[in-house]
Asks: 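Let me begin by handing over the structure; questions about it come next.
All values below were derived from every heavy atom in this structure, side-chain atoms included, with hydrogens, water molecules and symmetry-related copies excluded. Letters A, B, ... mirror the listed sequences (proteins, then strands); counts begin at 1.
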Number of protein chains: 2
Amino acid sequence: MEATEATMRLGMIGLGRMGGNMVRRLRRGGLGVVGHTRHFEHARQLEDECGMRAAASAEDLVRELAPPRIVWLMLPAGRPTEEHVERLSELLEAGDVVVDGANSHFEDSMRRGESLGERGIRFVDAGVSGGIWGLDEGYALMVGGPPAAVALLEPVLRALAPAPDRGWLHCGPTGSGHFVKMIHNGIEYGMMQAYAEGFALLEARRDFGLDLAAIAEMWRHGSVVRSWLLDLTAGFLAEDQKLESVAPHVGDSGEGRWTVIEAIERGVPAPVIATSMMMRFASQGQADYASKILAMMRNSFGGHAFRRTGGADGAGDV
Amino acid sequence: MEATEATMRLGMIGLGRMGGNMVRRLRRGGLGVVGHTRHFEHARQLEDECGMRAAASAEDLVRELAPPRIVWLMLPAGRPTEEHVERLSELLEAGDVVVDGANSHFEDSMRRGESLGERGIRFVDAGVSGGIWGLDEGYALMVGGPPAAVALLEPVLRALAPAPDRGWLHCGPTGSGHFVKMIHNGIEYGMMQAYAEGFALLEARRDFGLDLAAIAEMWRHGSVVRSWLLDLTAGFLAEDQKLESVAPHVGDSGEGRWTVIEAIERGVPAPVIATSMMMRFASQGQADYASKILAMMRNSFGGHAFRRTGGADGAGDV
């Protein structure tokens, strides 16, 4: 019998910000979910809240599923995901499906697909976009893997996506889902930097007395730069456009870096994505030593004064 | 008596791709329009089509309006706009309003505002976004000028915008409308380049056999990079994703350049917008001489072969 929304039950390991909301959305879609996380109390809470079945261990979770089992990992990429893939390769059997929804590197996914494949276990890599908004708006899902495994997964994808027939795609073979997600995030970095530079230029033009929140809101309607990222930007600017309490420090989480490495390995220019990455490094203080070197070079050849750390702002600066 | 949609009539000079569609949208909104363009036949056609009154000259157009007159210029920036502002400064009288909807430099607008102001004529600079889609979806309007003049213009803005209360903004004093539009276009350049780089990286990854049209369409729903520019991109990729008949040449039209100059004049870093500008110059062939210099440098210090123009692709390349 083919699994349908009504009869289907899958396992979810990792019930954090992403995994927890995905379970909620799957339950709203009528799917059965067995969930496991290190923090059993948290699983219990989700059980009470939305009828997910809480499993105390990966073993328990696997035991609660009927073959062909689907186990979706929603853990941090790297060691936590690696360890669980290894554990599942022992617990699952031929025909079962492991889905990795983390932001894993696509080459790790290709390796995991091969290694699980040796035991007949099928592996699907799923890039998931949508963040904390996914619960209500749905998640964009970029999926790679063998067609039969993806077909088995289809009811899950249809429930998680913004609509059953929209916002999810079987991109190609194993690894292609995480590859497409990686490029998606690279584009995101570039777009974010473009907006950020534009708003910084507006902010610098004090003589016009511009209301940046009103401008962002106006651009949302009919302008060429309207987008979901702009919607969010208009939202937080409406609360506070001075941002005095926000430190000028921007984190990054792997996928931007990998996109730039991909550009270099393929010899395909991606200067805007690369620059947006470099500006995040600069915001993290990693341009400071280069700036010190430049200041001292100017001092050496031109006698230009340099600022001393801890000194008054601008003192002696030429 | 205050002008309302029902009684209002304005003049439009310039009935090209933008001006013509704006007249159509204003007529749909119930406003009276007298239009003038160099090509009188074209004005006649619009008269037949949508009830705009065709004027044979700027003089005729001004004669058809009651004070306080509103004359909207929708001409190419630079000389055509300059000449018409000068002409209108002779034809109009104190209290009348000239609107410049072109992509004029905001400093030109500030100068024109001052010069018309000496004769009591009020000047409003209006950045208009929306392109060929504006007729149906409405235009985003970024307006600068004296509050009383903008208030007079409000019924026009409400009719052109996506909705009466959305997508238009009185940004600030004269010049600020075109300034905000300039930054808008700078952001647009950076966003476009970010998408372009991402799709180029997808295209280069031949081993996954990716369907770029399907990926763009999927990203439109629930992903972080969803936007109107992505909607358009999904549209043309669905028709043809190989783009073999499209030359890799990207034009530019002033505002991107001015945004980069603004960044330099203010000392505010905008490396992504600047790089997107430089990549357009490169696409125009303006990086070729630098590439020749680099090839000859490599030849000089390392003996690396260089390609000769007209030679077989890759022949002798090291």
Side-chain angles (χ1 to χ4, degrees), chain A residues 129-131 134 137-140 142 161-163 166-169 171-173 175-176 179-180 183-184 186-191 193-195 197-198 200-202 204-205 208-210 214-215 218-219 221-229 259 262-263 266 268-273 275-276 279, chain B residues 129-131 134 137-140 142 161-163 166-169 171-173 175-176 179-180 183-184 186-191 193-195 197-198 200-202 204-205 208-210 214-215 218-219 221-229 259 262-263 266 268-273 275-276 279:
Chain A
S129 178
E137 304 201 4
Y139 300 89
M142 298 146 241
R166 281 206 310 271
W168 68 274
L169 182 71
C171 298
S176 65
F179 179 80
V180 172
I183 302 297
H184 166 279
I187 293 171
E188 175 189 315
Y189 277 48
M191 290 174 67
Q193 180 69 24
Y195 282 118
E197 293 176 7
L201 290 170
L202 293 176
R205 192 83 206 194
F208 285 142
L210 301 170
I215 290 170
M218 177 257 302
W219 280 346
H221 311 284
S223 93
V224 171
V225 302
R226 61 194 192 259
S227 74
W228 188 65
L229 281 167
T259 304
E262 170 76 10
R266 295 273 146 185
V268 172
V272 152
I273 296 175
T275 300
S276 63
M279 291 301 280
Chain B
S129 178
E137 304 201 4
Y139 300 89
M142 296 145 243
R166 280 206 309 270
W168 69 272
L169 182 70
C171 298
S176 66
F179 180 80
V180 172
I183 301 297
H184 166 280
I187 293 172
E188 174 189 316
Y189 277 47
M191 289 175 68
Q193 180 70 24
Y195 283 118
E197 292 176 8
L201 290 170
L202 293 175
R205 192 82 207 195
F208 285 141
L210 300 170
I215 290 170
M218 176 258 301
W219 280 346
H221 311 284
S223 92
V224 170
V225 301
R226 60 193 192 261
S227 74
W228 188 66
L229 281 167
T259 304
E262 170 75 10
R266 295 274 147 185
V268 173
V272 152
I273 295 175
T275 300
S276 63
M279 291 301 280

Asks: Can you tell me which portion of B:M191 sits under 4.5 Å from chain A's heavy atoms? Options are side chain, backbone, both or neither.
Replies: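 Both backbone and side chain of B:M191 come within 4.5 Å of chain A.
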Asks: Out of B:G209, B:S223, B:A214, B:G134, return the one with the most heavy atom pairs under 4.5 angstrom to chain A.
Replies: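 It is B:S223.
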Asks: Quick check on the interface: out of A:G138, A:G186, A:A161, A:G175, who has the most heavy-atom pairs with chain B under 4.5 Å?
Replies: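 Most heavy-atom pairs under 4.5 Å with chain B: A:G175.
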Asks: Report which part of A:R266 has an atom under 4.5 Å of a heavy atom belonging to chain B: side chain, backbone, both, or neither.
Replies: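 Looking at A:R266, just its side chain touches chain B.
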Asks: Does any backbone or side-chain atom of A:W219 lie under 4.5 Å from a heavy atom of chain B? Answer side chain, backbone, both or neither.
Replies: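 Contact with chain B involves the side chain of A:W219 alone.
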Asks: What are the two closest non-hydrogen atoms of A:I273 and B:G198, and how far apart are they?
Replies: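 Minimum heavy-atom contact is CD1-N, 4.1 Å.
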Asks: Might you point out which heavy atoms bring A:P271 and B:T275 nearest each other, and give the distance in Å?
Replies: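 Looks like CB-CG2, 3.4 Å.
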Asks: Quick check on the interface: out of B:R205, B:M279, B:Q193, who has the most heavy-atom pairs with chain A under 4.5 Å?
Replies: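 Highest number of pairs under 4.5 Å: B:R205.
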Asks: Quick one: NE2 on A:H184 to CD1 on B:I215, what's the gap to the nearest 0.5 Å?
Replies: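 Going from the NE2 atom of A:H184 to the CD1 atom of B:I215 covers 11.5 Å.
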Asks: Name the member of A:A200, A:G172, A:P162 that forms the most heavy-atom pairs with chain B at distances under 4.5 Å.
Replies: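 Max contact count across the listed options: A:P162.
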Asks: Sequence neighbours left out, what passes ring-ring contact (aromatic ring centres under 6.0 Å, His included) with B:Y139? Give chain and number order.
Replies: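 Here no residue qualifies.
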Asks: Please test B:L210 against A:F179 for side chain to side chain contact (heavy atoms under 4.5 Å, CB included), starting from the C-alpha separation and ending with a verdict.
Replies: CA-CA 10 Å; B:L210 300 170; A:F179 179 80; 4.1 Å; yes
Asks: Considering only heavy atoms and a distance below 4.5 Å, find which of B:G131, B:S176, B:G130 pairs most often with chain A.
Replies: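 That would be B:S176.
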Asks: Tell me if a side-chain donor or acceptor on A:E188 pairs with a main-chain N or O of B:V224 at a distance below 3.5 Å.
Replies: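 Between the backbone of B:V224 and the side chain of A:E188 there is no qualifying donor-acceptor contact (under 3.5 Å).
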Asks: Name the member of B:P173, B:A140, B:A263, B:G190 that forms the most heavy-atom pairs with chain A at distances under 4.5 Å.
Replies: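 Looking at each of B:P173, B:A140, B:A263, B:G190 in turn, B:A140 comes out on top.
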Asks: Looking only at heavy atoms, what is the nearest atom pair of A:E197 and B:P269, with distance?
Replies: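 Between these two residues, the closest heavy atoms are CG-O, 4.1 Å.
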Asks: What's the verdict on side chain to side chain contact (heavy atoms under 4.5 Å, CB included) for A:L229 and B:S227, showing C-alpha distance, side-chain angles and the deciding distance?
Replies: CA-CA 8 Å; A:L229 281 167; B:S227 74; over 6 Å; no
Asks: Holding to side-chain contact (heavy atoms from CB on, under 4.5 Å), I want the full list of residues that pass it with A:A163, two or more places apart in sequence or in another chain.
Replies: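 For A:A163 the side-chain contact (heavy atoms from CB on, under 4.5 Å) partners, ignoring immediate neighbours, are A:D165, A:R166.
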Asks: Hey, is the main chain of B:L201 close enough, under 3.5 Å, to the side chain of A:E262 for a donor-acceptor pair?
Replies: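 Such a contact is absent between A:E262 side chain and B:L201 backbone.
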